[in-house]
Amino acid sequence: MKIFHISDLHLGKRLNEFSLLEDQRHILREILLLAESRRPDLLILAGDLYDKSIPAVEAVSMLDDFLSAFVRLGIPVCAISGNHDSPDRIDFGSRIFARSGVYLSCVYQGRLVQADFQDAYGPVHVFLLPFVRPADVRPFFPDRKIDGYPAAMEAALSSPLPDPAERNLLVTHQFVLGASRCDSEEVNIGGTDGVPADLFRAYDYVALGHLHAPQAVGRAELRYSGSPLKYSFSEASQTKSVTEVVLEEKGSVRISELPLRPLRDLKRIRGRFEELSQKCFYDGTEFRECYLDITLTDEQDVPDALQKLRLIYPYIMHLGYDNRRTRQTGRPELPESEEELPAEELIREFYRQQNGQELTSEQAALLAEILEETEAEP
């Protein structure tokens, strides 16, 4: 049985005020093209289908088109809700969807939802567990002490228990201890939402969602597929992919990554303003069509640098500086007698402590002109 495992679509997401709808539509087409060529027997969506609990109309339409395409291909879908989703909204119509081969588990009801499939080696049981908090699980297990995420997960996985003689898959959306996080993910202080990997030992493969970096945790079969797009600059060096899982006889699981090509990549570049403003290539790579985090290394701030560079790189998301001023720690301190100093001297001293150097003659002349105009105002 061949399975596509993806998660964390975050449809409708905006990043640094840029809408990613066009990028998401492109990457869903990429996944669909892979499905048409590789012909998986099942698609798994491991949560965070949307970026917000009340998604935009365009995001809902995009997911509908995506799932409908898999139905037309005759490929069943197993999907769960994540912590960004509204379980009740996604769960609407789930019994109708199941008739078309789309199995949803969005609202936890005290038991894992089970979808059963068959291949040449026998039955395959897929258990679906949406994102749950201890408060979601506690009402269904009044005799258990559920005081945190590990206890909640242990209770939720107890009903029903998988048959150890057969092949069992789990789809869930949680943070497993030992995994690496990215800046774009919701984080509980101190990792209190973490659950131990050992809780999932009964399953031949665990399709995880929630973390955006593709990675295995503890064993190869306990895996985050990662998000199909980069949703923070901490992910700039990652290669996004679809995880392809091939189940053969009990105990035989083959896992591979199928790389995805984004419409616009997310990159970090750095250099002097003059250098970056004279070319759209950097280290041999074309960056005009990338979302960029640019770091300028000029010692002097460049007026209107962002607007000027956007004429070359239209998708700049962030611009900052790395120089002597920004590397200084702590707040600049003004003299104790600051009230008695002339305004020009205060500004000169502030600039000196911020930048580790004096004003240039041009800057000093501009400062004097501004102060003169200010004093002349009524």
Side-chain angles (χ1 to χ4, degrees), residues 3-13 24 28 31 42-71 75-117 125-141 146 149 152-153 155-160 168-176 185-186 193 195 200 203 206-212 224-225 227-228:
I3 299 165
F4 272 14
H5 166 202
I6 62 174
S7 72
D8 296 271
L9 302 181
H10 288 277
L11 298 180
K13 186 175 180 65
Q24 292 174 329
L28 293 183
I31 295 170
L42 175 67
L43 171 70
I44 286 176
L45 277 167
D48 279 356
L49 311 181
Y50 298 119
D51 191 57
K52 296 184 181 299
S53 57
I54 303 179
V57 172
E58 295 90 346
V60 175
S61 176
M62 201 183 307
L63 182 63
D64 180 51
D65 290 342
F66 184 62
L67 295 180
S68 297
F70 274 85
V71 170
I75 300 172
V77 178
C78 286
I80 60 171
S81 59
N83 55 301
H84 279 253
D85 299 315
S86 169
D88 294 304
R89 288 176 183 272
I90 300 179
D91 197 61
F92 177 80
S94 58
R95 285 176 290 183
I96 298 173
F97 297 150
R99 298 173 190 168
S100 299
V102 179
Y103 304 92
L104 300 175
S105 177
C106 302
V107 179
Y108 179 66
Q109 300 288 356
R111 286 179 60 85
L112 304 178
V113 170
Q114 182 174 335
D116 297 321
F117 302 92
H125 308 292
V126 180
F127 297 88
L128 307 178
L129 176 62
F131 175 76
V132 290
R133 299 176 176 86
D136 301 319
V137 178
R138 202 172 287 127
F140 299 101
F141 300 90
I146 298 177
Y149 278 83
M153 181 59 59
L157 293 176
S158 68
S159 179
N168 303 288
L169 275 71
L170 176 70
V171 184
T172 192
H173 190 95
Q174 302 289 158
F175 170 51
V176 179
E185 302 149 2
E186 286 189 4
D193 56 344
V195 299
F200 306 103
Y203 297 92
V206 182
L208 293 168
H210 191 40
L211 302 189
H212 294 177
Y224 288 99
S225 66
S227 57

S.K.: With side chains defined as the heavy atoms from C-beta onward, is the minimum distance between I3 and V126 less than 4.5 Å?
M.R.: no
S.K.: Rounded to the nearest 0.5 Å, what's the gap from CG on D136 to CD1 on I146? Could you check?
M.R.: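 Atom-to-atom, D136:CG and I146:CD1 are 10.5 Å apart.
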S.K.: Quick one: does V176's side chain get under 4.5 Å of Y224's, heavy atoms only?
M.R.: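 Sidechains of Y224 and V176: in contact.
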S.K.: Name the atoms and distances for all side-chain donor-acceptor pairs under 3.5 Å in residues 48-63, with sequence neighbours left out.
M.R.:
unit_1: D48; atom_1: OD1; unit_2: N83; atom_2: N; d: 3.1
unit_1: D48; atom_1: OD1; unit_2: H84; atom_2: N; d: 2.8
unit_1: D48; atom_1: OD2; unit_2: H10; atom_2: NE2; d: 3.4
unit_1: D48; atom_1: OD2; unit_2: H173; atom_2: NE2; d: 3.3
unit_1: D51; atom_1: OD1; unit_2: H10; atom_2: ND1; d: 2.9

S.K.: Run the ring-ring contact (aromatic ring centres under 6.0 Å, His included) check on F140 and Y108 step by step: do they pass?
M.R.: CA-CA 10 Å; F140 299 101; Y108 179 66; 5.4 Å; yes
S.K.: Under a 4.5 Å cut-off applied to non-hydrogen side-chain atoms, are P228 and I6 in contact?
M.R.: no
S.K.: To the nearest 0.5 angstrom, please state how far the CG atom of D91 sits from the CG atom of D85.
M.R.: 11.5 Å
S.K.: Quick check: closest heavy atoms across P76 and F117, and the distance to 0.1 Å?
M.R.: CB-CE2, 3.8 Å
S.K.: Write down the atom of G12, the atom of Q24, and the distance for their closest heavy-atom approach.
M.R.: N-OE1, 2.9 Å
S.K.: Tell me the closest heavy-atom pair linking S158 and F141, and the distance in Å.
M.R.: OG-CE2, 3.7 Å
S.K.: What distance do Y103 atom OH and L43 atom CG have between them, rounded to the nearest 0.5 Å?
M.R.: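 One finds 13.0 Å between OH of Y103 and CG of L43.
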S.K.: Can T172 and L157 be said to form a side-chain contact (heavy atoms from CB on, under 4.5 Å), step by step?
M.R.: CA-CA 10 Å; T172 192; L157 293 176; over 6 Å; no
S.K.: Can you tell if the side chain of I31 reaches within under 4.5 Å of the side chain of F66, non-hydrogen atoms only?
M.R.: yes
S.K.: So how far is it from F200 CZ to L170 CG, rounded to the nearest 0.5 Å?
M.R.: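 Between atom CZ of F200 and atom CG of L170 there are 6.5 Å.
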S.K.: Would you say the side chain of V132 lies within less than 4.5 Å of the side chain of Q174, judging by non-hydrogen atoms?
M.R.: yes
S.K.: Working to the nearest 0.5 angstrom, can you tell me the gap between L42 CG and H5 NE2?
M.R.: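 That separation rounds to 11.0 Å.
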S.K.: Okay, side chain of S225, backbone of S7: is any donor-acceptor separation there less than 3.5 Å?
M.R.: yes
S.K.: Below 30° counts as parallel, above 60° as perpendicular, anything between as tilted: where do the rings of F127 and H125 land?
M.R.: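 It falls in the tilted class, 30° to 60°.
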S.K.: Could you check whether any side-chain heavy atom of M153 comes within less than 4.5 Å of a side-chain heavy atom of L129, counting everything from C-beta outward?
M.R.: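 In short, these two side chains touch, coming nearer than 4.5 Å.
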S.K.: If you round to the nearest 0.5 Å, how far is OG of S81 from CG of L104?
M.R.: 9.0 Å
S.K.: Decide yes or no for L169 and I44: does some side-chain heavy atom of the first lie under 4.5 Å from some side-chain heavy atom of the second?
M.R.: yes
S.K.: Let's go through L45 and L67 carefully: what are the C-alpha distance in whole Å and the side-chain angles of both, what is the deciding distance for side-chain contact (heavy atoms from CB on, under 4.5 Å) to 0.1 Å, and is it a yes or a no?
M.R.: CA-CA 10 Å; L45 277 167; L67 295 180; 3.8 Å; yes
S.K.: Do V107 and P130 have side chains that get closer than 4.5 Å, going by heavy atoms?
M.R.: no
S.K.: Classify the ring geometry between H210 and F131 as parallel (under 30°), tilted (30 to 60°) or perpendicular (over 60°).
M.R.: tilted
S.K.: Kindly indicate, with the supporting measurements, whether the criterion side-chain contact (heavy atoms from CB on, under 4.5 Å) is fulfilled by I80 and V113.
M.R.: CA-CA 10 Å; I80 60 171; V113 170; over 6 Å; no
